[in-house]
There are 2 protein chains.
Amino acid sequence: MSPVSSAHLAARRAQLLKAARTCFARNGFHATSMQEVLSEARMSPGGAYRYFPSKEALVAAIATETLTEVSAALKALSEDGSTPGPDDMVTAVTSTVERLDALHDTAKLEIQVWAEAQRSPLLAEQFARAFADVERFMTEQVETYQGRGLIERDVPAGHIARVLIGLVHGFMVQRTLLQADTALFRDGLRALVAGPGRAPAPPSE
Amino acid sequence: MSPVSSAHLAARRAQLLKAARTCFARNGFHATSMQEVLSEARMSPGGAYRYFPSKEALVAAIATETLTEVSAALKALSEDGSTPGPDDMVTAVTSTVERLDALHDTAKLEIQVWAEAQRSPLLAEQFARAFADVERFMTEQVETYQGRGLIERDVPAGHIARVLIGLVHGFMVQRTLLQADTALFRDGLRALVAGPGRAPAPPSE
DNA sequence: CATAAAAGAACGAATGTTCGCTCTTGTCAA
DNA sequence: TTGACAAGAGCGAACATTCGTTCTTTTATG
């Protein structure tokens, strides 16, 4: 029987994950040593290796957290019906990304996951799964917009959803490396979607 | 005096760079050891270290190549005037990305550069410089489109250019991790830009 | 022959991980 | 209520290995 409560075990595990996320976001998966993570978490190797069998497992856990965080946030967004048009939707998503990145370095870690997924079949599958989730939510939203006559109907909703997701990923890059903010993307996208004919919402500056 | 021709020196350097690119694209910057690069290039450490003083310098050189390759291709694209509309422009860019990735793993390496730029000020500055170039070409194109009345005029061209670049980056992610192709993005973007009113070019499927 | 390019053994440092020990904790008999 | 016991959480020194890099030697060339 365990000499400590299972809540304490969970807390210790979470403490390790938090330290790992901090270090990985700061220095990347590979340039971060176990010793860095351990000292950030104020743990010894022997203690930590009771919770994660390897550094790779720690990386995988952080990747799961990151991908899940994003897709869960997008799911919530697509369920509360607060995005009356495609530009509002992307705006809502980018501001959500901003919030998650400020809280948990989500955008930085997501980019690291892209890089690592190229060589790790495990991470590649995790990414593909999370992407499929997001794609589903986005596609449903696009179908709604198509039903309302807001978007061209003859193109498969999935294709349009893919483009919107691409936009979000591009935002993550610019947010991380160039300090781009939501307003910039919102105005640009609105102008693009609005075309020359219809009056867009006024830009913010 | 040098015992070999300077052409031979340049060839040897290029051989090293090619090997490094192959290895870095296959396994990432950090997971690739010098020994892998050296054996791919069929060189000894002593030989190779005459051309690059460190692994970091090799990484920086590959990053420069990758970023320059992309921005040079985009510059060529924006100069030959072959993109009559914003959707054509993005389509031309994505197919260029496909070609460069097939030839030199450019998209894969670009993503690695994003990840590495988060912790390396040197790469971050390289990226920012290359991005500024691309942004300039894109902005000029958008201004042209605005002049022709193809895009809403009241939004700064730079903002719209940023969104289009984001789209390209998103395409790189999907191309690398999900085997997305240009046609998918082309149709999706056309539908988005066309809106419900104007007839878009017919989708490809 | 002189020069330097190339080779490859060798180096110290740092990595992820292990293992034997100590200490804390929950349990239960008295 | 209390004391001792068993179990496992936590520790940290030590491990084998691999890393990037150097240095001496050999080879090839103008």
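Per chain, numbering begins at 1; letters A, B, ... match sequence-line order.
Look at B:Lys75 and B:Asp80 and you find no salt bridge, because none of the NZ, NE, NH1 or NH2 atoms lies under 4.0 Å from a carboxylate O. A salt bridge does not link A:Arg136 to A:Glu140: none of the charged side-chain nitrogens sits closer than 4.0 Å to a carboxylate oxygen.
The NE2-P distance, from A:His8 to D:dG8, rounds to 15 Å in whole Å. When rounded to the nearest whole Å, the span between CZ of B:Arg12 and P of D:dA28 equals 12 Å. Following rounding to the nearest Å, B:Lys55 (NZ) and C:dA13 (P) show an atom-to-atom distance of 20 Å. Atom P of nucleotide C:dG16 and atom CZ of A:Phe29 are separated by 14 Å, given to the nearest angstrom.
Closest heavy-atom contact between B:Ala115 and A:Ile111: N-CG2, 3.9 Å.
For the pair B:Leu9 and A:Ser5, both in contact range of DNA chain C, the more 5′-proximal nearest nucleotide belongs to B:Leu9.
Residue pairs that meet the ring pair (Phe, Tyr, Trp, His ring centres under 6.0 Å) test with at least one member in residues 43-78 of chain B, sequence neighbours left out, do not exist here.
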Step-by-step salt bridge (Lys or Arg N to Asp or Glu O under 4.0 Å) determination, B:Lys18 to B:Glu65: CA-CA 11 Å; B:Lys18 181 180 175 183; B:Glu65 275 194 0; over 6 Å; no
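Ring pair A:Phe185/A:Phe171 is perpendicular by interplanar angle, where above 60° counts as perpendicular and below 30° as parallel.
Scanning residues 30-52 of chain A for heavy-atom distances under 4.0 Å to DNA chain D yields A:Met43, A:Ser44, A:Pro45, A:Gly46, A:Gly47, A:Arg50, A:Tyr51.
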